[in-house]
Amino acid sequence: MNDESLMKRALELAKESVTLGGEPFGAVMVLDGKVIAEAMNQAHIDHDPTAHAEIQALRIASREQGRGSHPGSVIYASGKPCPMCMAAMVNAGVERVIFCADDEIGGPFGYSTADGYARMKQDFGSQGAVVEHLPLPKQDEPFKLYAHKVGG
């Protein structure tokens with residue numbers, strides 16, 4: 001098992017996704033030289049805009065590993081990860097992200113990540129959605145409850 005063979009598997013999953021009516025994305029997640037999750041884009045199945053291949057791989061690995069943190073792991077993605085997927089992988093502690101098709105390949109088919117990354121570089125609240133801050137009394141209670149629960 002090497003980078004090339006794992007990427008070929010991600011590409012196979014992407015092709016399988018298309019044959020099943022989905023989008024052309026697959027992902028393979030590896031930890032300590034062992035495949036811990038394989039996934040394909042399922043946004044069309046679940047009507048879930050977050051069900052991208054990389055996030056689906058994280059969900060599978062998290063369920064099977066019984067944890068949401070995956071330090072030392074590697075994700076092989078058939079296409080350049082979008083900002084949402086990249087943020088999820090970073091948040092989960094993925095150590096390496098290896099992708100195959102870049103924006104030059106995906107762009108002509110409507111799958112460029114350039115606009116998404118450009119929007120995410122904007123200041124919070126200037127990324128395309130109206131963001132409003134509504135502080136309320138006792139807004140700190142969930143945090144205090146959590147700190148008490150975990151002994152903090």
Side-chain angles (χ1 to χ4, degrees), residues 1-18 20 22-107 111-129 131 133 139-152:
M1 214 171 32
N2 60 26
D3 288 347
E4 187 175 325
S5 67
L6 291 161
M7 187 59 73
K8 285 180 180 178
R9 178 61 184 144
L11 289 169
E12 288 172 10
L13 290 164
K15 290 189 286 188
E16 184 178 344
S17 177
V18 172
L20 295 172
E23 295 178 342
F25 300 101
V28 176
M29 188 169 175
V30 175
L31 180 63
D32 297 328
K34 179 184 173 198
V35 173
I36 60 171
E38 291 186 342
M40 60 186 80
N41 185 297
Q42 294 184 300
H44 67 291
I45 294 171
D46 301 334
H47 307 291
D48 177 355
T50 70
H52 292 191
E54 300 91 335
I55 290 180
Q56 293 298 84
L58 286 169
R59 288 174 175 156
I60 292 166
S62 294
R63 277 193 304 271
E64 291 184 6
Q65 300 283 316
R67 57 192 169 98
S69 180
H70 303 284
S73 63
V74 180
I75 290 188
Y76 296 83
S78 64
K80 183 178 177 184
C82 72
M84 174 186 68
C85 291
M86 196 66 207
M89 291 184 288
V90 168
N91 193 53
V94 173
E95 189 172 289
R96 287 175 66 211
V97 176
I98 303 169
F99 70 96
C100 191
D102 59 13
D103 286 345
E104 193 172 308
I105 300 297
Y111 293 106
S112 173
T113 64
D115 289 343
Y117 279 106
R119 284 179 35 193
M120 291 299 106
K121 288 180 182 177
Q122 302 300 313
D123 290 337
F124 181 73
S126 300
Q127 299 164 329
V131 178
H133 182 206
Q139 62 189 349
D140 60 341
E141 286 183 353
F143 297 97
K144 289 179 178 176
L145 181 63
Y146 179 78
H148 178 72
K149 180 182 174 185
V150 297

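If you read the sequence from its start, that first residue is 1, and numbering goes on from there. Just so it is clear, the values below take in all heavy atoms, side chains as well, and ignore hydrogens, waters and symmetry mates.
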(request) Taking all heavy atoms of Ala88 and all of Ile55, pick out the closest pair and write down the distance. (result) CB-CG1, 4.0 Å
(message) Can you give me the closest heavy-atom contact between Val97 and Pro81, atom names plus distance?
(response) CG1-CG, 3.8 Å
(message) Rounded to the nearest 0.5 Å, what separates atom CG in Leu13 from atom CG in Leu20?
(response) 10.5 Å
(message) Minimum heavy-atom separation for Ala57 and Ala39, please, with both atom names.
(response) N-CB, 3.5 Å
(message) Tell me whether the count of non-hydrogen atoms from other residues, nucleotides or ligands lying under 6.0 Å of CD in Gln139 goes above 12.
(response) yes
(request) Show your working on side chain to side chain contact (heavy atoms under 4.5 Å, CB included) between Val74 and Asp3 and close with a plain yes or no. (result) CA-CA 10 Å; Val74 180; Asp3 288 347; 5.6 Å; no
(request) Count the heavy atoms of every other residue, nucleotide or ligand shown that sit under 6.0 Å from CG of Asp32, and state whether that count exceeds 12. (result) no
(message) Looking at every heavy atom in both Asp123 and Gln127, which two are closest together, and how far apart are they?
(response) O-CG, 3.7 Å
(message) Measuring from atom CG of Leu11 to atom CD of Glu4, what distance do you get when rounded to the nearest 0.5 angstrom?
(response) 10.5 Å
(message) Please find the pair of heavy atoms, one from Pro83 and one from Tyr117, that lie closest to each other, and give the distance.
(response) CG-N, 3.6 Å
(request) To the nearest 0.5 angstrom, please state how far the CG atom of Asn41 sits from the OG atom of Ser78. (result) 9.0 Å
(message) Nearest 0.5 angstrom please: Ile36 CD1 to Gln65 CD, how far?
(response) 4.5 Å
(message) For the OH atom of Tyr111 and the CD atom of Glu23, what is their distance to the nearest 0.5 Å?
(response) 3.5 Å
(request) Check His44 against Gly22 and note the closest heavy-atom contact, atom names and distance. (result) CE1-CA, 3.1 Å
(request) Could you grab the distance from atom OG of Ser5 to atom OH of Tyr76, nearest 0.5 Å is fine? (result) 7.5 Å
(message) Taking side-chain hydrogen bond (donor to acceptor under 3.5 Å, both in side chains) as the cut-off, I'd like each qualifying pair that reaches into residues 53-63, sequence neighbours left out, listed once.
(response) Gln42-Gln56, Thr50-Arg59, Gln56-Arg59, Ser62-His70
(request) State whether Lys8 and Glu12 are salt-bridged, where the test is any N-O pair (Lys NZ or Arg NE/NH1/NH2 against Asp/Glu carboxylate O) under 4.0 Å. (result) no
(request) Can you sort out the partners of Pro71 under side chain to side chain contact (heavy atoms under 4.5 Å, CB included), two or more places apart, ordered by chain and number? (result) Arg67, Ser69
(message) Run Met29 and Ile60 through side chain to side chain contact (heavy atoms under 4.5 Å, CB included) and show every step you take.
(response) CA-CA 9 Å; Met29 188 169 175; Ile60 292 166; over 6 Å; no
(request) Could you list the residues that satisfy side chain to side chain donor-acceptor pair (under 3.5 Å) with Lys144, not counting sequence neighbours? (result) Asp140
(request) Verify, without hydrogens or angle tests, whether Ser73 (side chain) and Leu31 (backbone) share a donor-acceptor contact under 3.5 angstrom. (result) no
(request) Report, as yes or no, whether the 6.0 Å neighbourhood of atom CG on Asp115 holds more than 12 heavy atoms from other residues, nucleotides or ligands. (result) no
